[in-house]
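So the structure is just underneath, and the comments pick up after that.
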Amino acid sequence: MNEFELIRQVFMPVAEATANPAVRLGPGDDCAIQRLPPDTELVFSIDTLVEGVHFPPAYSPRLLGWRSLAVAASDLAAMGADPVCFTLGLTLPFSDAVWLKEFALGLSDAAKHFGLALAGGDTTRGSLTLSLQVHGTVPAGQAILRSGARPGDLIGVSGTLGDAHAALSWLSESSPSRQVRALLDRYHYPEAKLALGQLLRGRASAAVDVSDGLLADLGHILAASGVGARLFEKRIPRSAALLALHREEALTMALSGGDDYELCFTIAPDCWPLLEAATNLGELTLIGEIITDSGVWLNDGYQDRSAISAGYDHFGGCG
Ligand code: ADP
Ligand code: MG
């Protein structure tokens with residue numbers, strides 16, 4: 001398949017299957033055209049995944065299709081954006097019809113699931129690399145920024161943390177147990193928390209998606225807002241599978257492991273009950289509070305310890 005056949009046979013069908021009215025013109029011209037409703041702002045972000053760096057060599061193309069879009073869509077969730085469309089920059093060392101078909105299946109599943117239309121892209125030859133630019137919209141002025149956290153705000157997080165990181169050591173397991181499968185699913189099928197992000201819009205004071213680890217990503221909110229945080233160690237949500245398989249390291253993994261794509265957000269205390277009352281968004285856990293003093297303090301029920309002196313690497317993740 002040459003480049004044009006590849007686009008026509010593999011990616012045009014994905015574009016057709018995922019089309020939505022906000023994309024006035026999809027692939028096939030020099031640019032795509034996106035309609036913007038009045039009083040909305042365009043929210044966009046690009047993520048690049050390189051083989052051997054962001055996903056293992058010879059990774060399943062179908063899983064890669066899902067994962068690459070989910071990871072990109074997660075940034076829209078963190079801003080509280082409504083998903084609209086995406087473009088795909090695909091660099092391939094080869095043109096393997098079976099690989100491409102599988103990749104397109106995973107990509108198409110994710111695009112339908114997250115409500116993102118494939119609006120265009122670029123296809124080149126080279127080491128396997130994917131760049132996905134995602135577009136969303138928010139009512140003007142309502143995107144959730146990292147810079148809005150204030151002392152006294154509560155810190156919440158969705159789902160459980162540490163699972164995707166723990167999965168890394170099981171990626172080549174040929175007959176995984178039920179619990180290992182639960183961890184692997186978290187790595188292979190990240191969920192962008194778009195509905196939660198939309199619910200947080202107008203309520204949360206700041207939000208971030210947990211891609212590099214809770215401490216690292218919460219650290220971005222703290223730095224942008226000029227505040228610190230106290231986290232209640234016992235409340236950091238850890239799954240039954242993580243606790244069963246990695247009991248000793250579960251807290252470290254939940255604090256520092258990346259790839260979970262949950263949302264971490266800050267919110268004024270009087271807004272918290274409104275969130276808890278909302279259904280269908282899975283578990284939300286209150287894990288701490290924003291304080292004036294800079295740094296992250298871990299409270300074990302008795303005292304505060306600095307996350308750094310307690311041995312948790314702020315920026316590196318635990319892997
Ligand atoms: P140009 O040379 O004008 O940049 P291209 O020849 O690269 O255009 O692409 C032709 C059309 O195919 C464009 O509309 C582009 O958006 C689309 N396209 C290219 N690669 C992809 C891809 N991987 N997925 C979806 N659309 C693609
Ligand atoms: Mg052109």
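No hydrogens, no waters, no symmetry mates; every other heavy atom, side chains included, goes into these values. First listed ligand is number 1; within each ligand, the first listed atom is number 1. All residue numbers in this chain count up from 1 along the given sequence.
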- Which bit of Ile7 gets closer than 4.0 Å to ligand 1, counting heavy atoms only: side chain, backbone, both or neither?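 The answer is the side chain.
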
- Proximity to ligand 1 by part of Asp29, non-hydrogen separation under 4.0 Å: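 Contact part for Asp29 vs ligand 1: backbone (N, CA, C, O).
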
- Message: Taking the six-membered ring of Phe265 as reference, does the cationic atom of Arg203 (NZ for Lys, CZ for Arg) lie under 6.0 Å from its centre and within 45° of its axis?
- Response: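 Judged by the rule, Arg203 and Phe265 form no cation-pi pair.
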
Please determine if [X] and [Y] form a salt bridge, counting it only when a charged side-chain N lies under 4.0 Å from a carboxylate O.
X	Y	result
Asp260	Arg186	yes
Lys101	Asp96	no
Asp109	Arg62	yes
Asp304	Arg230	yes

Any atoms of ligand 1 less than 4.0 Å from a non-hydrogen atom of [X]? List them with their elements.
X	value
Pro27	14 (O), 26 (N)
Asp30	3 (O)
Phe4	6 (O)
Asp122	7 (O), 19 (C), 20 (N), 21 (C)

- Is the closest N or O pair between Gly28 and ligand 1 shorter than 3.5 Å?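 There is such a contact, yes.
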
- Please indicate whether any nitrogen or oxygen in Leu90 is less than 3.5 Å from any nitrogen or oxygen in ligand 1.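 Between Leu90 and ligand 1 (N or O atoms, distance only) the closest approach is not under 3.5 Å.
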
- ring-ring contact (aromatic ring centres under 6.0 Å, His included) partners for His188, two or more places apart: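 Only Tyr59 meet the ring-ring contact (aromatic ring centres under 6.0 Å, His included) criterion with His188.
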
